[in-house]
Peer 1: 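Take a look at this one; I'll ask things after.
As a basis for the values below, the full set of heavy atoms in this structure was taken, side chains included, without hydrogen atoms, waters or symmetry mates. Just so we're on the same page: letters track the sequence lines, and every chain starts at 1.
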Amino acid sequence: MALAKRIIPCLDVDEGRVVKGVQFVDIRDAGDPVEVAKRYNEAGADEITFLDITASHQGRDTTVHTVERIASEVFIPLTVGGGIRSNDDIRRMLNAGADKVGINSAAVHNPDFVKAASDRFGAQCIVVAIDAKQVSGEGEAKRWEIFTHGGRKPTGIDAVEWAERMSNYGAGEILLTSMDRDGTKNGFDLELTRAISDAVPVPVIASGGVGNLQHLADGVIDGRADAVLAASIFHFGEYTVNEAKAYMQERGIEVRL
Amino acid sequence: MTETVAVIDYGMGNLHSVASALGKVCDQNVVVTSDAGQVRGADRVIFPGVGAIGDCMGEIHRLGFDQLLREQVSSGKPVLGICVGMQALLAHSEESGGTDCIDLFPGQVKFFGHDLKSASGAPLKVPHMGWNQVEQVDHPLWESIPQLARFYFVHSYFVENSGSEVKGRCQYGVEFAAALGRDNLFAVQFHPEKSHTAGLQLLQNFVRWNGQA
């Protein structure tokens, strides 16, 4: 008996449609989020992450309704991230049927928000999302910093220290995205993933850069991630979730089949 | 007459998921309620819960739901506790600086610890989050669910694996109780409403259960 490593398809949703950007620009339409989520639920996904990249107020209301619709038909855990700035935002998403919320920029602006949210709703539903970019030059010891605003704004904060701080503040899980790899299909930043996973006592989800099944397995074996997140390899039908699991099992990884 | 399943709402957590999973597997009338009268009038009762046990027990005491729950259990109707709703049924929890609970099952709820290790010595993350296998002990609520099927767990505290009331076991650094049962009362540490096919089957078994073990 052992805990399975999780495979998490990620839906980037803008104004009610699943989209997938390449390095946060160049968006391709990948369908209705409810249909996509249902498909992954049936295909054996262990969880679904829904990232709301909508900027407008109206779009946010659409998001709540979309989350409600997904939650009525999908019986696996659902994480909703994007634009979560207050306990009211969290309550709204949990009431709509989300199991966890992802907090990113709001944590950077006000780290105590993570504490307050975790105290109020429990660490089990607070995921801190970290967008990290390598800042060390060639030949230097590797160092990563966190960025906000979809990777456009540097913060000067060291990514490993930040992850430790966030888990001390009550994050139940870390969703770690490498900005250098996101959308490249070159695989996770394994050194970054491993550095964070070894530093924090809570589960780490690796994200950014998956282009094939080997990348998923590498994220678990070399990156020591507890879960791996991918979007485009699943959205565009290159691989099914079950193919990914079969491959990971061949590599000796415990999965839920 | 259509049966009613009451999901007890004491302000802790996401009851939408439990209600919609029940809606998927049964044609009973499902009510999410904090009204004691409605709970008393229901044919079956579900007692969920997420978050910290201290807050949960605070609300349970404030609303008088500890007494209500004892009453429901002694009435003989099927009662199902989920996650913190299971932990709250024990005598005591280490969480929130030590919390007295409802004491419908003997025993303690303990912290996994900061230096939890797998059998091979690898460090384990806490919370125990994700899909783990459950070794079932014969009980009607496991019907049609394969032995060692995986369920979705998310918790940092666990119920000790001891006593005849353990109806399911799981392993994560330590062996712990994944399910407890006695007569018409059953409780699970995992989230059946989030455990896909196996979880929906367990809920379906519950809404058809006559309350006899």
Peer 1: Restricting to non-hydrogen atoms, name the atom on D119(A) and the atom on D55(B) that form the minimum distance, rounded to 0.1 Å.
Peer 2: O-OD2, 3.7 Å

Peer 1: Are the side chains of I76(A) and Y152(B) in contact, using a 4.5 Å heavy-atom criterion?
Peer 2: no

Peer 1: Is there a donor in the side chain of K125(B) and an acceptor in the side chain of S197(A), or the other way round, less than 3.5 Å apart?
Peer 2: yes

Peer 1: Given 3.5 Å as the limit, does a donor-acceptor pair link the side chain of H196(B) with the main chain of G44(A), or not?
Peer 2: no

Peer 1: Under a 4.5 Å heavy-atom cut-off, does chain B meet the side chain of D46(A), its backbone, both or neither?
Peer 2: both

Peer 1: Would the number of heavy atoms belonging to other residues, nucleotides or ligands and lying under 6.0 Å from NZ of K77(B) be above 12?
Peer 2: yes

Peer 1: Looking at S20(B), G23(B), A52(B), which one has more heavy-atom pairs under 4.5 Å with chain A than the rest?
Peer 2: S20(B)

Peer 1: Is any side-chain heavy atom of F75(A) less than 4.5 Å from a side-chain heavy atom of K24(B)?
Peer 2: yes

Peer 1: Hey, which of E68(A), E47(A), K5(A) has the most heavy atom pairs under 4.5 Å with chain B?
Peer 2: E47(A)

Peer 1: Got a donor-acceptor contact below 3.5 angstrom from the W131(B) side chain to the L3(A) backbone?
Peer 2: no

Peer 1: Within a radius of less than 6.0 Å around CG of D138(B), do more than 12 heavy atoms belonging to other residues, nucleotides or ligands occur?
Peer 2: no

Peer 1: Please look at R6(A) and chain B and tell me whether the side chain, the backbone, both or neither of the residue comes under 4.5 angstrom of a heavy atom of that chain.
Peer 2: side chain

Peer 1: Heavy atoms, side chains only, cut-off 4.5 Å: are D99(A) and S17(B) in contact?
Peer 2: yes

Peer 1: Going by heavy atoms in the side chains, are V50(B) and C125(A) under 4.5 Å from each other?
Peer 2: no

Peer 1: Out of Q171(B), M129(B), Q133(B), return the one with the most heavy atom pairs under 4.5 angstrom to chain A.
Peer 2: M129(B)

Peer 1: Non-hydrogen atoms of chain B under 4.5 Å away: do they reach the side chain of A2(A), the backbone, both or neither?
Peer 2: backbone

Peer 1: Please classify the contact between D198(A) and chain B as side chain, backbone, both or neither, with a heavy-atom cut-off of under 4.5 Å.
Peer 2: neither

Peer 1: G199(B), G51(B), P123(B): which one forms the most heavy-atom pairs within less than 4.5 Å of chain A?
Peer 2: G51(B)

Peer 1: Could you have a look at A123(A), A71(A), P77(A), G122(A) and say which one has the most heavy-atom pairs with chain B under 4.5 angstrom?
Peer 2: P77(A)

